[in-house]
Amino acid sequence: MRKYEENISDNSIWITATPTELAKTLPFYITEAGHFTAEKDYKVQRETHDSFLMIYTINGQGFLRTADMELQLNQNDAVIIDCHAPHTYCSISEKWEFLWIHFAGLSAKTMFEIIYTSNTVCAVQINCPYEFELRVKELINKSRQNSITGHTDISLRLHWVINTICSSALERISDLKSPHNDIRLALDFIEKNYSEQITIDDMIRDIPVSKYHFIRLFRRMIGITPYQYLTNYRINVSKTLLRSTNKTVSEIAEMCGFLDTSNFITHFKKHTGQKPLGYRHDFS
């Protein structure tokens with residue numbers, strides 16, 4: 001008699017976990033995990049499942065379909081999908097060996113959106129496959145832990161896994177010759193000229209790329225738009241000035257590049273929940 005009714009080998013590992021109320025308050029927790037060697041007719045098809053799913057291919061090939069994409073999963077490929085929407089995955093080779101983790105948590109959706117800011121799910125070739133495989137296997141083995149330290153350990157380990165996929169996804173961007181250098185040039189420009197009335201055209205003056213591609217790439221690599229980054233940078237400078245000088249709010253607004261005092265106060269309150277003088281008072 002087979003160990004599992006699924007079309008997977010008997011030496012496959014399948015672990016289920018019932019998260020405690022404490023685990024549900026953490027950034028990440030595991031609901032199921034496993035290490036499968038699937039046969040060619042292995043297939044999973046669902047309308048919905050209350051989690052996100054990470055799949056990492058060790059050997060063989062798999063196939064994944066969601067509502068808006070289809071992709072092949074090759075050796076050292078990792079992918080994360082939102083299982084709340086319909087999805088299907090299956091083996092397309094004689095043997096498909098893969099690691100998988102169903103996870104949720106307070107930060108799960110946010111990290112998923114950071115990795116796939118363009119809303120297009122894609123497979124990511126992991127840059128450190130040996131370490132990645134080893135650490136995911138360790139995480140799967142630890143997913144049965146139910147202690148407080150066990151829950152926090154799992155959350156931290158899962159964060160490493162997701163962050164590694166995120167880093168590999170960013171490094172695979174190849175639509176610009178030197179995307180990291182281009183973004184660094186833009187960040188340096190903002191840091192040197194934040195006090196002036198600068199535009200995106202100013203930011204890309206020395207960068208050979210269209211405004212559309214620059215905004216898309218900036219958001220992909222930094223997580224926010226260039227304008228949002230500029231505003232955040234100005235707010236951070238203003239915080240230092242409010243705490244370390246006696247300059248008036250109007251003077252600080254001008255020094256930080258805001259259009260006027262009213263504009264500065266509006267942005268400051270939106271970002272901090274306080275007006276500038278209230279912030280200064282709290283640190284005086």
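Position 1 is the first residue of the sequence; numbering continues from there.
Judged by distance alone, with hydrogens and angles left aside, the side-chain atoms of Ser12 form a donor-acceptor pair with the main-chain N or O of Thr37 at under 3.5 Å. Between the Arg65 side chain and the Thr88 main chain, no donor and acceptor come within less than 3.5 Å of each other. Remark: the backbone N or O of Tyr194 is paired with a side-chain donor or acceptor of Arg234 at under 3.5 angstrom. With hydrogens and angles ignored, the 3.5 Å screen pairs a side-chain donor or acceptor of Ser93 with a backbone N or O of Gln61. Counting only distance, with no hydrogens or angles, the side chain of Glu196 and the backbone of Asn193 share no donor-acceptor pair below 3.5 Å. Side-chain atoms of Asp202 come within 3.5 Å of backbone N or O of Thr199 as a donor-acceptor pair.
Counting heavy atoms from C-beta outward, Gln274 and His281 have side chains that stay 4.5 Å or more apart. When side chains are defined from C-beta on, His49 does not count as touching His84, because their heavy atoms never get closer than 4.5 Å. Using a 4.5 Å cut-off on side-chain heavy atoms (C-beta onward), His35 and Ile58 make contact.
Separating the CE atom in Met54 from the CG atom in Leu139 is a distance of 8.0 Å, to the nearest 0.5 Å.
Remark: Tyr130 OH is loosely packed, at most 12 non-hydrogen atoms of other residues, nucleotides or ligands lying under 6.0 Å away. Other residues, nucleotides and ligands contribute over 12 non-hydrogen atoms within 6.0 Å of the CZ atom of Arg46.
Between Lys142 and Glu138, no side-chain nitrogen of the basic residue sits less than 4.0 Å from a carboxylate oxygen of the acidic one, so the salt-bridge criterion is not met. Between Arg157 and Asp153 there is a salt bridge, since a side-chain N of the basic residue sits under 4.0 Å from a carboxylate O of the acidic one. At a threshold of 4.0 Å, the pair Glu191-Arg184 counts as salt-bridged, since one of the basic side-chain nitrogens sits closer than that to a carboxylate oxygen.
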Could you walk me through whether Asp50 and Thr48 pass side chain to side chain donor-acceptor pair (under 3.5 Å), step by step? CA-CA 7 Å; Asp50 190 20; Thr48 185; over 6 Å; no
Would Trp14 and Glu32 count as a side chain to side chain donor-acceptor pair (under 3.5 Å) if you check the C-alpha gap in whole Å, the side-chain angles of each, and the deciding distance to 0.1 Å? CA-CA 8 Å; Trp14 188 350; Glu32 275 188 282; 3.0 Å; yes
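Under the ring-ring contact (aromatic ring centres under 6.0 Å, His included) criterion, Phe218 pairs with Phe214, Tyr229, sequence neighbours left out. Residues that satisfy the side chain to side chain donor-acceptor pair (under 3.5 Å) test with Ser51, not counting sequence neighbours, are His102. Applying the side chain to side chain donor-acceptor pair (under 3.5 Å) rule to Ser238 yields no partners; only residues at least two apart in sequence or on another chain are considered. A search for side chain to side chain contact (heavy atoms under 4.5 Å, CB included) contacts involving His159 returns Phe28, Asn163, not counting sequence neighbours.
The aromatic rings of Tyr42 and Phe36 sit perpendicular to each other, their planes meeting at more than 60°, with 30° as the lower class boundary. The aromatic rings of Phe112 and Phe52 sit tilted relative to each other, their planes meeting at an angle between 30° and 60°.
Checking Ser155 against Thr152 by side-chain atom types alone, no donor-acceptor pair falls below 3.5 Å.
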Side-chain polar contacts of residues 257-265 - donor-acceptor pairs under 3.5 angstrom, sequence neighbours left out - could you list them?
residue: Asp260; atom: OD1; partner: Ser262; partner atom: N; Å: 3.2
residue: Asp260; atom: OD1; partner: Asn263; partner atom: N; Å: 2.7
residue: Thr261; atom: OG1; partner: Ser250; partner atom: OG; Å: 3.0

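Counting only residues at least two apart or in different chains, salt bridge (charged side-chain N to carboxylate O under 4.0 Å, His left out) contacts with residues 262-284 are absent.
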